[in-house]
Amino acid sequence: HEGRVLHDGLSKKIMSADEAAKFIKNDMNVGMSGFTGAGYPKAIPAALAKHMEAAHARGEDFQIGLLTGASTATECDGVLADAKGIKWRTPYQSEPALRKQINAGEAYYFDMHLSHVAQQSTIGFYGDMHMAVVEVAGILPDGRLIPSTSIGTSNAWLDNAKHIILEVNAQQSLMLEGMHDVYNDIGMPPNRKPIPLVTPGGRIGVPYLHCDMDKVVAVVLTDSPDRNSKFADPDETSNKIASHIIDFFHDEVKKGRLPKNLLPIQSGVGNVANAVLAGLQNSPFEQLTGYTEVLQDGMLDLIMSGKMTMASATALSLSPDALETFNANLEELRARIVLRPQEITNHPEVARRLGVLAINAMIECDLYGNVNSTHVMGTNMMNGLGGSGDFARNAYTSFFVSPSVAKDGAISCITPMVSHHDHTEHDVMVIVTEQGLADLRGLAPRQRAQAIIDNCAHPDYRPMLQDYFDRASSTAGMQTPHILNESLSWHQRYVETGDMRIK
Ligand code: 0RQ
């Protein structure tokens with residue numbers, strides 16, 4: 001950790017994670033750093049989990065409210081969930097142990113747009129923030145903090161929390177210094193100001209996080225990598241989805257509706273999103289830009305090959321190989337990647353101004369293009385909404401993508417009615433499956449339904465969807481025809497028989 005804690009006062013506060021975790025007490029609200037497995041605290045959660053387990057063994061209550069930027073990893077959400085230490089959680093998670101508790105009713109989870117988190121916490125919608133636990137790459141002599149591989153909501157946690165624990169992680173490259181752009185001047189209504197960001201790569205803030213030194217109760221030294229999980233290589237389904245989107249881009253350029261270098265690309269997490277970016281690598285588009293939340297392998301490849309000139313995100317989410325490339329080229333990449341607070345990366349104002357092409361995965365959509373991004377069979381949480389709504393509603397063009405079927409064909413990802421509703425038809429312009437692409441712009445609900453059935457449905461389910469739509473159209477109101485007591489019967493059949501198809 002040489003050269004990482006250069007502030008005299010803070011170097012005197014270095015202590016073990018075990019000691020530092022004792023500052024966190026039952027019923028506190030704790031804001032931790034971390035976004036899609038990057039930049040989360042590595043030591044405090046495990047130490048805290050041990051204290052929680054010991055308290056539970058003594059018959060005492062010990063749970064916290066946990067806020068982050070977005071998902072973390074097993075060493076953070078996972079250990080705290082295993083210790084039954086999470087009373088409530090927001091805004092996005094993807095950890096199996098926590099998901100299980102949420103769906104068993106053992107932890108409360110409220111799901112929200114990622115762009116809202118900082119503002120709502122700062123106003124106090126969730127009560128006091130008692131402690132911030134933030135990973136940084138280093139602390140400068142004057143106390144400025146070099147952020148780690150994500151910013152997420154760390155800037156707001158540092159401002160809002162009564163006390164702060166800093167984790168200084170020697171695994172995070174000190175060459176990250178200068179890559180971040182922390183803009184804190186957004187203000188609060190009624191005195192909010194415009195965000196002066198007019199290009200994806202613009203810099204409007206400073207490359208450091210700040211905090212009141214007097215609030216720091218502990219500094220903990222760590223030396224562990226981020227989760228850095230490997231993505232599966234794009235499979236045939238993802239490649240087909242990617243090629244439909246790339247054909248669509250070609251057509252839009254031809255029609256003069258997109259510039260030759262497209263518009264800033266936002267892509268969600270996961271393998272399909274990564275495949276679309278891989279598809280762009282082999283496309284003739286040049287001088288691309290990215291304005292997204294999470295910078296995945298596919299976007300790094302585009303930057304390394306020179307296809308993408310500039311990308312803005314709030315976090316990295318790289319495989320071990322990609323991280324090696326990233327670290328080896330940091331000097332050059334610092335000029336081409338900007339990491340910002342999620343309040344800025346996901347801000348409706350900026351997404352609308354830049355005109356992002358928002359590509360996000362979904363669980364299911366219905367005949368009319370309403371989208372469910374979060375719930376399985378209407379009742380069980382998968383991960384959360386993340387930034388999909390921030391980007392989709394404010395996009396220049398919004399895409400929702402999915403394989404046409406899940407669970408070996410037992411589930412159609414296109415159903416008569418969605419079992420949970422995250423994005424309304426008004427926010428959804430294009431639906432894409434491996435079967436094809438439905439361009440819903442300018443179509444009325446009945447036209448949207450036919451476009452989705454014809455272009456996106458799996459052949460096993462196409463006749464079933466057509467039959468439902470035809471019967472609904474002859475019996476119901478014709479704006480958005482439905483047979484209400486049948487509209488969710490496919491989901492019910494799956495719950496009862498394990499298959500949406502009629503045997
Ligand atoms: O289940 O894990 O048991 O195999 O859902 O599905 O096809 O592998 O797709 O990994 O891209 O995830 C929407 C969940 C897709 C994700 C979602 C099952 C399927 C599989 C995963 P298994 P795939 P992905 C910016 C954008 C919301 C947040 C967002 C997500 C598992 O993309 O969380 O967009 N999005 N953020 O079998 C039941 C269906 C199903 C289904 C798929 N219809 N019914 N199960 N599955 N369709 C980034 C951030 O915000 C941070």
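Heads up: numbering here begins at 1 and tracks the sequence. Both ligands and their constituent atoms are indexed starting at 1 by order of listing.
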(message) ring pair (Phe, Tyr, Trp, His ring centres under 6.0 Å) for Y109 and W88? Distances and angles first, verdict last.
(response) CA-CA 6 Å; Y109 170 60; W88 61 270; over 10 Å; no

(request) Taking only heavy atoms of L385 into account, list the atoms of ligand 1 that are under 4.0 Å away from them. (result) 28 (C), 29 (C), 36 (N)

(message) Please state which option from A361, S267, S402 has its nearest heavy atom closest to atom 32 (O) of ligand 1.
(response) A361

(message) Take a 6.0 Å sphere around CG of D408 and say whether it holds more than 12 heavy atoms from other residues, nucleotides or ligands.
(response) no

(request) Measure the shortest side-chain to side-chain distance between D235 and S238 over non-hydrogen atoms and say whether it is less than 4.5 angstrom. (result) yes

(message) Residue-level breakdown please: for Y92 versus ligand 1, do any non-hydrogen atoms fall below 4.0 Å on the side chain, on the backbone, on both, or on neither?
(response) side chain

(message) Tell me the protein heavy atom at minimum distance from atom 16 (C) of ligand 1, and give that distance in Å.
(response) N383 ND2, 4.1 Å

(request) Report the residues that fulfil side chain to side chain donor-acceptor pair (under 3.5 Å) with D181, sequence neighbours left out, ordered by chain and then residue number. (result) R340

(message) Looking only at the side chains, is there a donor atom on one of H482 and Y368 sitting less than 3.5 Å from an acceptor on the other?
(response) no

(request) Mark up the atoms of ligand 1 that fall under 4.0 Å of a heavy atom belonging to G384, in ascending order. (result) 27 (C), 28 (C)

(message) Taking the side chain as everything from C-beta on, heavy atoms only, tell me whether Q172 gets closer than 4.5 Å to T149.
(response) yes

(request) Taking atom 50 (O) of ligand 1 as the reference point, report whether a protein heavy atom occurs under 4.0 Å from it. (result) yes

(message) Considering non-hydrogen atoms of the protein only, which is the closest contact for atom 46 (N) of ligand 1, and what is the distance?
(response) A406 CB, 4.0 Å

(message) Going by a strict under-4.0 Å cutoff (protein heavy atoms only), does atom 34 (O) of ligand 1 have a neighbour on the protein?
(response) yes

(request) Could you list which atoms of ligand 1 come closer than 4.0 Å to a heavy atom of M382? (result) 5 (O), 14 (C), 18 (C), 31 (C)

(message) For the 3.5 Å polar cut-off, considering only N or O atoms, please tell me whether S412 and ligand 1 meet it.
(response) no

(request) Could you list the atoms of ligand 1 found under 4.0 angstrom from a heavy atom of G268? (result) 25 (C), 26 (C)

(request) Can you pull out the closest protein heavy atom to atom 47 (N) of ligand 1? Residue, atom name and distance to 0.1 Å, please. (result) I363 O, 3.4 Å

(request) Kindly say whether the aromatic ring centers of F249 and F399 come within a distance under 6.0 Å. (result) yes

(message) Going by the closest heavy atom to atom 22 (P) of ligand 1, which one wins out of H423, K407, M500?
(response) K407

(message) Suppose we measure from atom 48 (C) of ligand 1 to each protein heavy atom; which comes out shortest, and what is that distance?
(response) E293 OE1, 3.0 Å

(request) Verify the contact flag for atom 6 (O) of ligand 1, where contact means a protein heavy atom under 4.0 Å away. (result) no

(request) Kindly write out the residues that satisfy side chain to side chain donor-acceptor pair (under 3.5 Å) with R353, not counting sequence neighbours, or none if the list is empty. (result) E349

(message) Whether the side chain of N360 engages the backbone of F400 through a donor-acceptor N/O pair (distance < 3.5 Å, no angle test) should be reported.
(response) no

(request) Just jot down the ligand 1 atoms closer than 4.0 angstrom to any heavy atom of M362, in number order. (result) 13 (C)

(request) Check each of N346, I359, V376, V294 against atom 45 (N) of ligand 1 and report the one with the nearest heavy atom. (result) V376

(request) Report yes if the distance between the aromatic ring centroids of Y92 and F35 is under 6.0 Å, otherwise no. (result) no

(message) In this structure, does ligand 1 have an atom that sits under 4.0 Å from one of the heavy atoms of V272?
(response) no

